[in-house]
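Report on one structure; see the data block that follows.
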Amino acid sequence: MKAVDLHTHTNVSDGYLTPLELLEQAHLAGIELLSITDHDTTAAYRHLDWANLVHLQLIAGVEFSTQWRSTGVHVLGLNVGLDSDVLQFATTFQSDARALRATRIAEKLEKIGVPDPMAGALRFAGDAAIGRPHFARHMVECGFVKDLSAAFKKHLGAGKIGDIKQHWASMQQIIDWIRDSGGIAVLAHPGKYGLTRTKRLALIDEFQLLGGRGLEVISGAQDPELTATLAATASAKGLLASCGSDFHEPKRPWASLGMKLDLPPQCRPIWDAW
Ligand code: AMP
Ligand code: MN
Ligand code: MN
Ligand code: MN
């Protein structure tokens, strides 16, 4: 299989590299087919000159936040039309939702004693799509927690005080937006929602019923058993298979550029659809 990574982040959301640095690193890592999928924004693509992309094939992408029942869920839009009015509307809607959510998160964190959470998170976010990782970095910097993982475990992760998710567009809306902007909706990292096997299957079924067409069979370094299960599910249900590192920064070896993400042979790779 060619070297493919269809899930990466830059510093226009919660990644650490600029879009240009990411392209450069991806090329050095030997990636042939890449998508930049920042959280709820396609701003990275404004920084790139498509004409200069000789080394690798780039697919326009985005990772939308939504919810299913009470679980926060991510849906990738791959091969979306960057100039589409629908996509513009969708990213604007979601970025307004992000801004509103950030205000709510800041209020909650202030109550538990985090000093000046909004200004602190904004110092890390700058113009980027503000998210929980920016609050987490501030909490580490001011000594409120020892590291990012503790920030999520104690205060920002699922079920904690800073986990506020009722602002996003619905899963149906997200899937429609992706389709109407010419893309394919892919359920991101199905193994990372803390769902039981039964619930995960229910999520995948509903996602497909609502028009979702792809499943991220491999997300970074994951249990081979999970890969086998997801590959079997994708082929049984006729879902296109995707794979991505979910790269954010060079310091995370379990989500790095150029890591092996080969899909099991029974999968129908999503890039066959392009
Ligand atoms: P948000 O977009 O604000 O909902 O934040 C979600 C992002 O937080 C994810 O995309 C990850 O990049 C990051 N994240 C989630 N859980 C953790 C964790 N335990 N440690 C560090 N980062 C995390
Ligand atoms: Mn992220
Ligand atoms: Mn995600
Ligand atoms: Mn991601």
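Counting starts at 1 for both ligands and their atoms, following the listed order.
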*asked:* Restricting to N/O/S atoms, is H189 within less than 2.8 Å of the Mn ion (ligand 4) or not?
replied: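 Under 2.8 Å: H189 has no N, O or S contact with the Mn ion (ligand 4).
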*Within less than 2.8 Å of the Mn ion (ligand 4), any N, O or S from H9?*
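Yes, within the cut-off.
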*Under a 4.5 Å cut-off applied to non-hydrogen side-chain atoms, are E63 and V75 in contact?*
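In short, these two side chains do not touch, never coming nearer than 4.5 Å.
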*Hey, does V140 have a side-chain heavy atom less than 4.5 Å from the side chain of F135?*
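Of all side-chain heavy-atom pairs linking V140 with F135, none is under 4.5 Å.
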Could you list which atoms of ligand 1 come closer than 4.0 Å to a heavy atom of [X]?
X    : result
D14  : 7 (C), 9 (C), 10 (O), 11 (C), 12 (O)
G131 : 3 (O)
H39  : 10 (O)
H248 : 10 (O), 12 (O)

*asked:* Applying salt bridge (Lys or Arg N to Asp or Glu O under 4.0 Å) to K160 and D163, what does each step give before you reach the verdict?
replied: CA-CA 5 Å; K160 302 300 172 190; D163 175 34; over 6 Å; no
*Nearest 0.5 Å please: distance from the CG atom of L22 over to the NE2 atom of H47.*
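Rounded to the nearest 0.5 Å, the CG-NE2 separation comes out at 12.5 Å.
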_Shortest-distance N, O or S atom of D246 relative to the Mn ion (ligand 4)_ =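 Nearest N/O/S atom: OD1.
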_For a quick test of reading the model, state the closest non-hydrogen atom pair linking H74 to Y193 and the distance between them._
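The pair with the smallest heavy-atom distance is N-OH, 3.0 Å.
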*Do you know which two heavy atoms are closest between A151 and A136, and how far apart they sit?*
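It is CB-CB, 3.7 Å.
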*Hey, mind stepping through D38 and T10 against side chain to side chain donor-acceptor pair (under 3.5 Å) and telling me if it holds?*
CA-CA 7 Å; D38 278 303; T10 74; 2.8 Å; yes
*Might you work through the side chain to side chain donor-acceptor pair (under 3.5 Å) test for D5 and S245, ending with a clear yes or no?*
CA-CA 6 Å; D5 192 336; S245 61; 2.6 Å; yes
*Considering heavy atoms of the protein only, find what lies nearest to atom 16 (N) of ligand 1 and give residue, atom and distance to 0.1 Å.*
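Scanning the protein heavy atoms, the shortest distance from atom 16 (N) of ligand 1 goes to F152 CD2, 3.4 Å.
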*May I ask you to check whether over 12 heavy atoms, not counting those of D223, lie within 6.0 Å of atom CG?*
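Enclosed.
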*Over 12 foreign heavy atoms within 6.0 Å of NZ, K199*: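 Result for NZ/K199: open.
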*Does R137 approach ligand 1 within less than 4.0 angstrom via side chain, backbone, both or neither, non-hydrogen atoms only?*
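It is neither; nothing of R137 touches ligand 1.
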Is there a polar contact between ligand 1 and [X], counting only N or O atoms under 3.5 Å apart?
X    : result
R98  : yes
R132 : yes
R252 : no

_Closest H74 atom to the Mn ion (ligand 3) [N, O or S only]_ =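 The atom in question is ND1.
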*Please verify whether a non-hydrogen atom of G157 lies at under 4.0 Å from ligand 1.*
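No, G157 has no heavy atom closer than 4.0 Å to ligand 1.
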_R101 to ligand 1, any heavy atom closer than 4.0 Å_ =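 A heavy atom of R101 does come that close to ligand 1.
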*From E63, does some N, O or S atom reach closer than 2.8 Å to the Mn ion (ligand 3)?*
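So E63 counts as coordinating the Mn ion (ligand 3), yes.
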*N/O/S atom of H7 inside 2.8 Å of the Mn ion (ligand 3), strictly under*: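 H7 does not place any N, O or S atom closer than 2.8 Å to the Mn ion (ligand 3).
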_As a quick check of understanding, evaluate salt bridge (Lys or Arg N to Asp or Glu O under 4.0 Å) for R132 and D14, giving each step before the final call._
CA-CA 9 Å; R132 285 175 287 172; D14 57 359; over 6 Å; no
